[in-house]
Amino acid sequence: LLRHGEEWIGRLAALIPLAPRVTTSLFQTVHHSVVANVNGVLAVAVGQGLLLGLGFWFVGVRSPVLWGAVGGLASIIPVIGAPLVWVPVAIAFVFLGSYWKALLLGLWGSLVVGSVDNVLRPFVVGAHGKQHPLLIGLAAIGGTYAFGVLGILLGPLLVSLVAALLTEIQELVPSSREPE
């Protein structure tokens, strides 16, 4: 893709039966949406890593910064990423008899850290793509339902592409209301 990407995009543009300006606009929309989604994934990784590190520090886990960073990297894997790090720690607290620490870490991980993805990603992706955060959040949920894990990226991408297409159609169709 890195080696032949520009050539492939040029061939794809030649196959699309639209004006070059419209095709360029659509390609730019797709590019901006992909960049916004990557930024959203990175923002969620940083947010979840920081919050996991804070939770680990609060319950007394050694090296909370390290485990927060591992949790942040793991959070790139949707749904199961961050729990892969904090759930075993909470289980270990149960086996050690530290039930309050296990409960606190479980609540922190599931309620606070788990909701970062639902709150932070729509704001980052929506701000970059000029879409409402609620629309982006619903697009990510619907995309996950329709396409599986890859839908987290494809849902917002399709919403951005449809919005760009509607904008182009509005510019092509003359307005039915004439100023008086």
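When reading the values below, keep in mind they use all heavy atoms of this one structure, side chains included, and skip hydrogens, waters and symmetry mates.
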inquiry  = For Ala90 versus Leu105, what's the shortest heavy-atom pair and its separation?
reply    = N-CD2, 3.8 Å
task = Flag yes if Val61 and Val94 sit in one hydrophobic cluster, no otherwise; membership is Ile, Leu, Val, Met, Phe, Trp, Tyr, and two members link when side-chain heavy atoms are under 4.5 Å apart.
result = no
ask   = Rounded to the nearest 0.5 Å, how far does OH of Tyr99 lie from CG of Leu104?
value = 15.0 Å
task = List the steps, then state whether side chain to side chain contact (heavy atoms under 4.5 Å, CB included) holds for Trp57 with Leu52.
result = CA-CA 8 Å; Trp57 171 79; Leu52 272 175; over 6 Å; no
inquiry  = According to a hydrophobic-cluster definition based on side-chain heavy atoms being under 4.5 Å apart (Ile, Leu, Val, Met, Phe, Trp, Tyr only), do Val112 and Val87 belong together?
reply    = yes
message = Using a 3.5 Å distance criterion without hydrogens, assess whether the side chain of Gln48 forms a donor-acceptor pair with backbone atoms of Gly72.
response = no
ask   = What pair of heavy atoms forms the shortest contact from Gly151 to Pro156, and how long is it?
value = O-CD, 4.0 Å
ask   = How close do Val159 and Ala139 get, heavy atom to heavy atom, and via which atoms?
value = CG2-CB, 3.4 Å
key: Atom pair NE2 (His31) and OG1 (Thr24), whose distance is rounded to the nearest 0.5 Å   = 13.0 Å
message = Quick check for you: to the nearest 0.5 Å, what is the distance between Phe56 atom CZ and Trp86 atom CH2?
response = 9.0 Å
inquiry  = Grouping I, L, V, M, F, W and Y whenever their side-chain heavy atoms are under 4.5 Å apart, do Leu154 and Val162 come out in a common cluster?
reply    = no
request  = Please round to the nearest 0.5 Å and tell me the distance separating atom OG1 of Thr23 and atom CG of Leu12.
outcome  = 8.5 Å
query = How close do Val113 and Ala82 get, heavy atom to heavy atom, and via which atoms?
reply = CG1-CB, 4.3 Å
task = For Trp108 and Leu51, indicate whether the former's side chain and the latter's backbone hold a donor-acceptor pair under 3.5 Å.
result = yes
ask   = Short question: side chain of Ser115, backbone of Leu111 - any donor-acceptor pair under 3.5 Å?
value = yes
ask   = Shortest non-hydrogen contact from Ala43 to Leu120?
value = O-CD2, 3.2 Å
remark   = Interatomic distance, OG@Ser75 vs CG@Leu84, rounded to 0.5 Å, equals 10.5 Å
message = Quick check against the 3.5 Å criterion: does Lys101 have a side-chain atom that pairs as donor or acceptor with the backbone of Phe93?
response = no
task = Please answer: with hydrophobic residues joined when any side-chain heavy atoms are less than 4.5 Å apart, are Leu66 and Leu73 in the same cluster?
result = no
key: Cluster overlap Phe95 with Val89, hydrophobic side-chain contacts below 4.5 Å   = yes
